[in-house]
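See structure below.
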Amino acid sequence: MQLHPTKIPGCFELELNVFKDQRGRFVKTFHEEIFASHQLETHFPEAYYSYSTQNVLRGLHFQIPPKDHTKMVHCAQGEIVDAVVDLRVGSPTYGQFEVFELSAEKGNSAYIPPGLAHGFYIVSETALVMYQVSTVYAPGHEQGLLWNSAEIPWPSTNPIISEKDQGWKTLADYESPFVYEPAHS
Ligand SMILES: Cc1cn([C@H]2C[C@H](O)[C@@H](COP(=O)(O)OP(=O)(O)O[C@H]3O[C@@H](C)C(=O)[C@@H](O)[C@H]3O)O2)c(=O)[nH]c1=O
């Protein structure tokens with residue numbers, strides 16, 4: 001596994017080993033020892049996936065403290081444009097976004113620290129997106145940011161989104177509870 005840093009501190013693209021043969025692909029998305037050796041989170045008590053069709057946009061989502069979490073996102077089938085926005089007050093990249101092109105073909109993952117909003121857009125006909133999170137789902141602590149309020153260059157201006165996702169505050173109106181803590185090395 002190779003770690004590619006982004007401009008957002010603590011947020012990485014993970015390049016995974018993709019084993020291809022005549023049957024298809026094999027990809028390992030998590031290995032505790034390897035993650036620990038890179039000082040990445042290793043405690044993931046919950047994993048889930050979603051299946052979506054083309055032009056669907058999910059997000060931007062996060063859980064607020066004390067239920068905030070590290071989130072790892074992997075596209076196991078299809079292709080997505082994945083995006084995060086830094087909401088940590090005091091972060092050198094507060095309010096800035098990062099975009100990842102995640103696909104089953106590439107076999108890459110986004111590693112997202114607590115305090116970032118996350119969402120994605122389905123480029124392929126369908127896509128299967130898998131997650132691991134470091135705290136379990138806490139509906140009372142679930143919040144979001146309006147998908148088109150952070151200048152993310154989404155491939156569509158008219159995506160299919162849930163009613164819930166149409167009602168979130170804009171980045172400009174959002175009062176963030178997250179505080180940036182620089183990593184100690
Ligand atoms: C996220 C989540 C949802 N649910 C339920 C709530 C609801 O009835 C149904 C669908 O939830 P949502 O509409 O929030 O699903 P969705 O919009 O796909 O939510 C996801 O969006 C992306 C961008 C993320 O980053 C994920 O962490 C997650 O928030 O599943 C759980 O039971 N556990 C969970 O962890």
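Keep in mind that what you see is a predicted model, and the values were worked out from it rather than measured. The first residue of the sequence shown is numbered 1, and numbering continues consecutively from there. Counting starts at 1 for both ligands and their atoms, following the listed order.
- Scanning Trp147, Tyr137, Tyr49 for the heavy atom closest to atom 3 (C) of ligand 1 points to Tyr137.
- Taking the six-membered ring where tryptophan is involved, the planes of His61 and Trp168 are perpendicular, since the angle between them exceeds 60° and thus also 30°.
- Contacts between His118 and ligand 1 below 4.0 angstrom, taking non-hydrogen atoms only, involve backbone and side chain alike.
- Contact atoms of ligand 1 toward Lys71: 24 (C), 25 (O), 26 (C), 27 (O) (distance under 4.0 Å to a heavy atom of the residue).
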Apply salt bridge (Lys or Arg N to Asp or Glu O under 4.0 Å) to residues Lys20 and Glu105 and explain how you reach the verdict.
CA-CA 10 Å; Lys20 287 185 185 163; Glu105 182 68 31; 3.0 Å; yes
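- Judged purely by distance below 3.5 Å, without hydrogens or angles, the side chains of His74 and Ser109 pair a donor atom with an acceptor atom.
- Of all the atoms in ligand 1, the ones that sit under 4.0 Å from a non-hydrogen atom of Glu46 are 35 (O).
- With a 4.0 Å cut-off on non-hydrogen atoms, Tyr48 touches ligand 1 through its side chain and not its backbone.
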For salt bridge (Lys or Arg N to Asp or Glu O under 4.0 Å), just list the numbers for Glu13 and Lys106, CA-CA rounded to whole Å, side-chain angles, deciding distance to a tenth of an Å, and then say yes or no.
CA-CA 11 Å; Glu13 178 176 355; Lys106 282 189 185 170; 5.4 Å; no
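- Distances from atom 9 (C) of ligand 1 to the protein include no heavy-atom value under 4.0 Å.
- The closest protein non-hydrogen atom to atom 22 (C) of ligand 1 is Tyr131 OH, 3.1 Å.
- Using cut-offs of 30° and 60° on the angle between ring planes, the pair Phe44 and Phe35 is perpendicular.
- Of the protein's heavy atoms, Lys164 NZ, 3.7 Å lies nearest to atom 12 (P) of ligand 1.
- Donor-acceptor pairing under 3.5 Å is recorded for the side chains of Tyr121 and Asn55.
- The protein heavy atom nearest to atom 15 (O) of ligand 1 is Arg58 NH1, 4.0 Å.
- Residue-environment remark: NZ (Lys169) stays at or below the threshold of 12 foreign heavy atoms within 6.0 Å.
- Taking the side chain as every heavy atom from C-beta outward, Phe62 and Phe178 approach each other to under 4.5 Å.
- Within 4.0 Å of atom 28 (C) of ligand 1, at least one protein heavy atom is present.
- Near His61, the atoms of ligand 1 lying under 4.0 angstrom from a non-hydrogen atom of the residue are 16 (P), 17 (O), 19 (O), 20 (C), 21 (O), 22 (C), 23 (C), 24 (C), 28 (C), 29 (O).
- Ligand-side atoms of ligand 1 in range of Glu142: 14 (O), range being under 4.0 angstrom from any heavy atom.
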